[in-house]
Amino acid sequence: FIPNKEDVKNIVEDETYVPPPSLNPINKATKEETITVSGIALPGLSVAIYLNGQKIDEVQANETGEFEVEIKLSEGDNIIKAKGISGQNESEFSDSVTVGYKKEGPKLEIEQPKEGETIKEPSQYDVKGKTDPDTTVTVNDFQAIISGDKFSYILTLVNGENNIIIVATDAAGNKTEKSVKFNYSP
């Protein structure tokens, strides 16, 4: 919310009206426990910051109306809102922004191939496994196909030892990596 002439006129006419601040967009997911949240309010206005319904901080907007605050997140989804405060009067809540905090890498189970296995045929082998939803998976740096919590990738095998590296990356940027060595002997 950026106040316009009509807002300023309403404030002058109604001394109890406090316009809500506006929070800037943030990433939907992060692996960082502490993030910076910023926004815009009336210049000099006190801004109360709420995390998951609890007031956690109060900052003052600078002369251009900008403000920012460091917030320590909880594991999972975090809903952040703000209110403008002028004397005894408070604004409505700002629109909320939600950020998911995840500190652990995604689940990664490799169903096939198995470590040390010898594969006889075919040379086009389906690498399969499971991971968390909303995760990308690569096999030797090539993107696998994801369906729900399952992934697959068709790999062309070479005679002898084959090494594959499978990496699962979640929306927060956390990674889980596994490697498998197996043999192809047609």
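Reckoned from all heavy atoms, side chains included, excluding hydrogens, waters and symmetry mates.
With a 4.5 Å cut-off on side-chain heavy atoms, D95 and S22 do not count as touching. By the 4.5 Å heavy-atom criterion applied to side chains, V97 and P25 are not counted as neighbours. Side-chain atoms of P21 and S91, non-hydrogen and from C-beta on, do get closer than 4.5 Å to each other. At a threshold of 4.5 Å between non-hydrogen side-chain atoms, the residues E177 and I165 count as touching. By the 4.5 Å heavy-atom criterion applied to side chains, I85 and V18 are not counted as neighbours. When side chains are defined from C-beta on, I71 counts as touching I49, because their heavy atoms get closer than 4.5 Å. Residues N163 and S179 form no side-chain contact, since every pair of their non-hydrogen atoms from C-beta on lies 4.5 Å or further apart. Taking the side chain as every heavy atom from C-beta outward, I80 and I26 approach each other to under 4.5 Å.
Atom NZ in K128 sits 13.0 Å away from atom CD1 in I166 (nearest 0.5 Å). Rounding to the nearest 0.5 Å gives a distance of 7.5 Å between CG of N183 and CG of N162. Between atom CD1 of residue I40 and atom CG of residue N62 there is a gap of 8.5 Å, rounded to the nearest 0.5 Å. Interatomic distance, I154 CD1 to D126 CG, rounded to the nearest 0.5 Å: 4.0 Å.
The shortest non-hydrogen separation linking N140 to I164 is OD1-CA, 3.2 Å. Here the closest heavy-atom approach between residue E161 and residue K181 is recorded as OE2-CD, 4.2 Å.
Within the structure, no pair that satisfies the ring pair (Phe, Tyr, Trp, His ring centres under 6.0 Å) test touches residues 104-161, not counting sequence neighbours. Applying the ring pair (Phe, Tyr, Trp, His ring centres under 6.0 Å) test to pairs two or more places apart or on separate chains, none has a residue in residues 57-88. Sequence neighbours left out, not one pair with a member in residues 155-175 passes ring pair (Phe, Tyr, Trp, His ring centres under 6.0 Å). Residue pairs satisfying the ring pair (Phe, Tyr, Trp, His ring centres under 6.0 Å) criterion with at least one member in residues 25-65, sequence neighbours excluded, are listed as follows: Y50-F93. Note on residues 25-40: pairs passing side chain to side chain donor-acceptor pair (under 3.5 Å), not counting sequence neighbours, are N24-S38, T36-E70.
With sequence neighbours left out, the ring-ring contact (aromatic ring centres under 6.0 Å, His included) criterion links Y184 to no other residue.
Here the side chain of T131 pairs a donor or acceptor atom with the backbone of K107 at under 3.5 angstrom.
Cluster membership check: V167 does not share its hydrophobic cluster with I110, using side-chain heavy-atom separations under 4.5 Å among Ile, Leu, Val, Met, Phe, Trp and Tyr.
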Inset, instruction - Start with the C-alpha gap between Q124 and T156, add the side-chain angles, then the distance that decides, and say whether side-chain contact (heavy atoms from CB on, under 4.5 Å) holds. - result: CA-CA 5 Å; Q124 297 290 306; T156 301; 2.8 Å; yes
